[in-house]
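A quick write-up on the structure given underneath.
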There are 2 protein chains.
Amino acid sequence: MQTCWLIPLILLTLITTSAADMPPAVHLMPWPQTLTIVPHSELLVQSSFTVGVGSPDPRLRRAVEIFLHDLRRHTGSTPLDFTILSDASTAQLRIESDRPSKEVVELGEDESYRLEITSSGAELKAPTTLGVMRGLETFLELVEITPQGFAVPAVTIADKPRFPWRGLMIDSGRHFMPVEVIKRNLDGMAAVKMNVFHWHLSDNQGFRVESKRFPKLQEMGSDGLYYTQEQVRDVISYARDRGIRVVPEFDMPGHSTAWFVGYPDLASAPGPYSIERKWGVFDPAMDPTRESTYKFLDEFVGEMAKLFPDQFFHIGGDEVNGKQWDANPNIQAFMRAHQLKDNADLQAYFNTRIQKIVAKHGKTMEGWDEILRPDLPKSIVIQSWRGQRSLADAAHQGYRGLLSSGYYLDLMQPAWQHYAVDPFSGGAEGLTEGEKQNILGGEACMWAEYVSPENIDSRIWPRAAAIAERLWSPREVTGVESMYARMGYLNKWLDAYGLTQNTNYPLMLERMTDGADISALRTLADLLEPVKGYAREKLAVSQPSSLTPLNRVVDAARPESAEARRFGDAVDQLIAGHLGPGTELQIRSRLLAWRDNDLELQPLLRNSALAEEVAPLSHDLSALAAAGLEALDYLDRGEKAPEAWKAEQLQLAERAIEPRAQLLLMVAGPVEKLIQLSAGETPKELALPKNASD
Amino acid sequence: MQTCWLIPLILLTLITTSAADMPPAVHLMPWPQTLTIVPHSELLVQSSFTVGVGSPDPRLRRAVEIFLHDLRRHTGSTPLDFTILSDASTAQLRIESDRPSKEVVELGEDESYRLEITSSGAELKAPTTLGVMRGLETFLELVEITPQGFAVPAVTIADKPRFPWRGLMIDSGRHFMPVEVIKRNLDGMAAVKMNVFHWHLSDNQGFRVESKRFPKLQEMGSDGLYYTQEQVRDVISYARDRGIRVVPEFDMPGHSTAWFVGYPDLASAPGPYSIERKWGVFDPAMDPTRESTYKFLDEFVGEMAKLFPDQFFHIGGDEVNGKQWDANPNIQAFMRAHQLKDNADLQAYFNTRIQKIVAKHGKTMEGWDEILRPDLPKSIVIQSWRGQRSLADAAHQGYRGLLSSGYYLDLMQPAWQHYAVDPFSGGAEGLTEGEKQNILGGEACMWAEYVSPENIDSRIWPRAAAIAERLWSPREVTGVESMYARMGYLNKWLDAYGLTQNTNYPLMLERMTDGADISALRTLADLLEPVKGYAREKLAVSQPSSLTPLNRVVDAARPESAEARRFGDAVDQLIAGHLGPGTELQIRSRLLAWRDNDLELQPLLRNSALAEEVAPLSHDLSALAAAGLEALDYLDRGEKAPEAWKAEQLQLAERAIEPRAQLLLMVAGPVEKLIQLSAGETPKELALPKNASD
């Protein structure tokens, strides 16, 4: 008999919430609402594994087929392994759901499920097919290799999301992302239980959807890089099969240069226009004073409202600089005639008109926080990018909203920073419980100035999983160490979906070395991160644009260096006196390898126009590592490092933290701590210089 | 002024033919017929790079678009980089071709081209669009990163293939390969200038093409794993755009169980039949005595002849064991009535009938060498798998033929062995020049008992490139060291086409370690090769079948360990007394790492049902490495190793070369040599044991 040892919920919460948390026994991400583990008990998942589906809902059947397909990919099984049974009672995994989900996934639909796994079988129950989908992802992620074969641990999980809106925005406007890129990212979203794909489809640099009513939009505004309506329908159906809503965004009245290439009359200044190549905020904006603009948008929104079945329709509405409006006498006259005292009033007028058009076509309008004005009806949804304050304001005024401030993946922040941002924190702390209901969740945003189909996955994954967990799991689940352990596991898990954040990294480095062994370049690149925030643009040698190839080290380097984080953790353990066995040896052996790396790398860099710019970083890594080794020597000898030596080494570290080639050498901080420690000082966390993080 | 230093052709030939050949300055594979390099001169390939195409041939235009797409992938450029100009004269790469290629690529079409690159521009001239395609692949492969950016060296190349038929066969019958697998392999074929994709579409284990006339073929014979006719047309068009012919094979009268599941009346014994799951030669065969068989095949071939536009139609014809014929009294009576004295006569009768059907539908029949009988017309083509002798016999009798014996990729032979097989060697040496004309070329064959979509690329690439070079390049190009150097480069180059031989390897290992760090497993796996020939089946613990998952170490391990080859080369240098600087250190550092690897790996293996079977190999690697280090110590001290020690270590090496888990530890041989050397003996090449290579 197996003893069933129920871990109390409180203990499990501790696992994921205490500062000194341990990597949990199961690798689930997002972490479920409640979980009970039966230790040393598991259900084998062999080729004879069967899934019983009693319900005749075709979407449920499809969800199980996708689950089995993924299970085969993960376990390397044959297409003939695993079977669906219509008689649920005899199967190893029995699925029951009370009712089908809505034909088009709706905001707030029940996504809860209950999963009970014993050594003899598993049961997944959910009120809706949507809940079954979430439960199947949990089951899948529980699959692990054991000495007996593939298996899932015996657990009982009762789970549901904290927020109903858990989104990922991908900007296909600035850099076009082919359908295969979108699909593999939808797979990744489903794996972490995200449920809204927000598709940014037009911007100054491109109009990306086929319009049959206004074909010059894509014909003249996309360089031929757009989605056909058939492809859009295919993506929507792919997303729906994974319980993901697709919300289109057509940014207006600003961010719209690409529209004007084919339809200059929409703009507030005469054309001709050409597709914008540079990044930033530009003057062109739709003319909000002409009826022809609304006639066009009425027909356009009508066409797109049919193409995109979701209830929500995102009109953008951000970053209008108003220069074209200021310069146009007709617009100025219109403003006077209508008592519109400034451009904000004019945009509000535009938004009111657009809201009516969107509503006429049966949709609910969504927009960035600039659109928030009391004259818009309370039905609209505000997406906050400017801060948690503006989300709280909207919620207080009775508008529904979602948080994106703090969730911008393009800013290259570490996962723990995103993870720490809670939709209920910051400005929202002061809201009433009722007002908090207006906060629907949040969205991770992947703006595309510096991503191509080749490296976009590495900017989204695995960090988006930290945001997905924030939006799904209980607020109390905040343990950073557990999060990183599970995220590291998930990161490899996602490989099976064809996501390329791991596989494309060595390929990008190989391009720079022309087929030579990349180990030395990889050793360096593993420790580099792109500069943070908007520093990349500011540090650019020549103006970046959509014509700039994204094939440099800064494009390959990960947003967050796992190697540097691990090294920093080891140094922190040493400082705290909590050294585990082998830790100092580990630190030393890393430092030795880094010290000697430059010698091997420099000849390679000299031959590569793509990689030569990291030569100073390679040199500094070597010098830093030598300094770190000397510091360890002082510490080991119990000797205080001399002042002159310390001053010199600190100078080196301060130089090494400076951005070069738009990259940061992430071990400068930990090495500086070693230097300080060896000189008898209390080590301090090194702040990134301002130009590296602005 | 740049000095134009023309390397005489003879020198270049030496580069690739002498035994002590050096890695060449350019990495082309296959090596061209003639090549002249202008040293220190190159043409930059920047984003402003233009290609001029004077001809209006749409296929030529399409070829250039594919070329630019590939160039963008290889250089990481944007979709807006590089431009096609209609005015050839002002472009940096000027393309001229005399005439379009045939609508359907034909056997023997002119594929020659001439490419001249100077620092100011390049010119590609070819009689046909097909030649332009080959020349564009050459140009592409010349692109390299330099201190100035991407560039191609200044060269003059005049090139054409040695043989007109340079094929790759993929068996989609035993394991179904989705269209994406086929397409990326067509990309690989184009890169090495192969021009025939031989598609093995039916076998006992599956019938893989949609027939509208006989839908039960795919409905009952494929487990739902088949190509729709639309997909087939898509693949053919994809291949045609790359100058590749597509020859379908429907194997008959044997290898045909899958047909009989839906159409049992075709068989020579009463049904019902089910899809065969095991591997091997089976009894079911078509009934060659009934007119209904020929009526069926007439209609079937008619349908497929329309679907596949190529001139050739492969009817298989191999491995009929005749048992169903022997057991069927009607067939026996028929044989007596028609004076068919044995089963070979009966199959010849069948082939004669089939040949007429194939010819009636406008096609030329092709078959495996079993079909060769004097009663068949000289128009047919023989594909020889049974040996070079049978190819020579066919050629001597006036039949055209191609060589596959020696080119079976599933036998896991090293590339140099395939490379050494020349269609004109062996039995063909004695043919007259006229008879040799009957030898059209050869085909690499990828039989699919032990490949899945996940690992098939790693069995085809890069070794198929050695066969491609054998069939394209001058016969004198035989230098193995140069071949390996260029093949190693090409192997990485192919990554850009989405070929997965490099990217899937770590992913397969990660599956076995459940997300743990794979370095220790990789260190071992890098030195392992699957057993050779048909040994895998013989060494199987339980009977392998199409239901066996291909997720073990033997499925991930490369057919040829580059790491073991490099180590063996270093040991050979040491033995020959030609040690370069650092070579002994390199040998020692590898041995040290291998000796210590087992300690790290064993705990990991104990937790993985997939990987635990390599534990003895890991243990032996450690012991071998320790022995190798001791041998080096004796050598360094100038001391002769004692007899007892030697005997013990040789015993260890003999054990370590034995197959375990269907794998071979490829460093056993080089270490044995070190042991012998240290004991004052002349080191001998270790032969694989018979059970490891049969």
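Only a predicted model underlies this, so the values are computations on that prediction, with no experimental measurement involved. By convention in this document, chain letters (A, B, ...) are assigned in the order of the sequence lines, proteins followed by strands, and residues within each chain are numbered from 1.
- Residues A/Ser77 and B/Pro549 come closest through the heavy atom pair CA-CB, 4.2 Å.
- Annotation: maximal heavy-atom pairing with chain B below 4.5 Å, among A/Thr146, A/Thr503, A/Asn504, occurs at A/Thr146.
- The distance from the CD1 atom of B/Ile145 to the CZ atom of A/Arg511 is 9.5 Å, given to the nearest 0.5 Å.
- With a threshold of 4.5 angstrom between heavy atoms, B/Thr500 does not approach chain A through any atom at all.
- Among the candidates B/Thr75, B/Leu225, B/Leu550, B/Asp223, the residue making the largest number of heavy-atom pairs closer than 4.5 Å to chain A is B/Thr75.
- For A/Met508, no part lies near chain B; criterion is any non-hydrogen pair under 4.5 Å.
- Heavy-atom pairs under 4.5 Å with chain B were tallied for A/Arg606, A/Glu510, A/Glu612; the largest tally goes to A/Glu510.
- When all heavy atoms of A/Pro147 and B/Ala609 are compared, the pair lying nearest together is O-CB, 3.4 Å.
- Of the atoms belonging to A/Phe176, not a single heavy atom falls under 4.5 Å from chain B.
- Contact count versus chain A (heavy atoms, under 4.5 Å) is highest, among B/Leu547, B/Thr513, B/Asn491, for B/Leu547.
- Contact of A/Ser608 with chain B is made through backbone and side chain together, with heavy-atom distances under 4.5 Å.
- When each of B/Leu610, B/Asn607, B/Leu80 is checked for heavy-atom pairs under 4.5 Å with chain A, B/Asn607 comes out on top.
- Atom CD of B/Gln148 has more than 12 neighbouring heavy atoms from other residues, nucleotides or ligands inside a 6.0 Å radius.
- Of the atoms belonging to A/Ala611, not a single heavy atom falls under 4.5 Å from chain B.
- Heavy-atom contacts from other residues, nucleotides or ligands closer than 6.0 Å to CD of B/Glu65 number more than 12.
- Taking A/Lys492, A/Glu144, A/His74 one by one and counting their heavy-atom pairs under 4.5 Å with chain B, the maximum is reached by A/Lys492.
- For chain A, no part of B/Ala496 is nearby; none of its heavy atoms comes within less than 4.5 Å.
- The two residues B/Val143 and A/Asp514 make their nearest non-hydrogen contact at O-OD1, 4.3 Å.
- Residue pairs that meet the salt bridge (Lys or Arg N to Asp or Glu O under 4.0 Å) test with at least one member in residues 71-81 of chain B, sequence neighbours left out, are B/Asp70-B/Arg73, B/Arg73-B/Asp187.
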